[in-house]
Amino acid sequence: MAMALVVSACSVSPFFTSANVIAVEFGEREEHHFLLILNECSREVVASVEETPARVVVTVRHRAKAGDCGSTAEIILEDPLGDRELIDAHDGHPILFPTWTPEDIPED
């Protein structure tokens with residue numbers, strides 16, 4: 001079973017609701033560790049992972065808060081992602097990987 005970690009990220013809901021994952025901030029397909037970007041402002045985030053040979057489904061629940069911000073959720077898989085699909089349980093869509101590399105970021 002994969003491990004998921006709690007990550008805090010601006011009024012606050014007393015209830016946990018499903019959160020939408022929009023992309024992977026860092027993590028390579030050959031790795032176990034990923035930081036996911038949420039399109040919602042959260043006070044508290046809880047992520048869980050279900051791994052199969054064909055795909056990895058990530059469920060993220062959060063306590064929403066008002067504000068113009070985003071949040072993150074950290075996940076650690078038992079096995080590297082490899083060729084498996086990374087799926088957001090919120091909407092059933094694949095989670096996008098960035099098309100840029102750290103070398104693409106200009107230095108100040």
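All figures in this text were calculated on a predicted structure; none of them were measured in a lab. Because only heavy atoms are used, hydrogens play no part in the values below, and waters and symmetry mates are left out as well, while side chains stay in. Numbering of residues begins at 1 and proceeds along the displayed sequence.
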Quick one: are [X] and [Y] in side-chain contact, heavy atoms under 4.5 Å?
X	Y	answer
Ile87	Ile95	no
Leu77	Phe34	yes
Leu36	Val58	yes
Val56	Leu81	yes
Val24	Leu35	no

Val60 and side-chain contact (heavy atoms from CB on, under 4.5 Å): which single residue from Ile75, Val46, Thr72, Val21 fits?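 With Val60 as partner, side-chain contact (heavy atoms from CB on, under 4.5 Å) holds for just one option, Val21.
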Main-chain N/O of Arg55 paired to Thr52 side chain as donor or acceptor, under 3.5 Å: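 Yes.
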Mind jotting down which residue pairs meet the salt bridge (Lys or Arg N to Asp or Glu O under 4.0 Å) criterion with at least one end in residues 80-93? Sequence neighbours excluded, please.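 Qualifying pairs, neighbours excluded: Glu51-Arg84.
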Considering all heavy atoms, the nearest Ser42-Ser71 contact: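 Closest heavy-atom pair between Ser42 and Ser71: N-OG, 2.9 Å.
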So which atom in Thr59 and which in Ala89 form the shortest heavy-atom distance, rounded to 0.1 Å?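 Distance-wise, the nearest heavy atoms are OG1-CB, 3.2 Å.
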List the residues meeting side chain to side chain donor-acceptor pair (under 3.5 Å) with His32, not counting sequence neighbours, and say none if there are none.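 With neighbours one apart ignored, the set is empty.
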Supply the atom-to-atom distance Ser18 OG to His62 NE2, rounded to the nearest 0.5 angstrom.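 Spacing of OG (Ser18) from NE2 (His62) equals 7.0 Å.
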To the nearest 0.5 Å, tell me how far His90 NE2 sits from Leu38 CG.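 Separation between the atoms: 10.5 Å.
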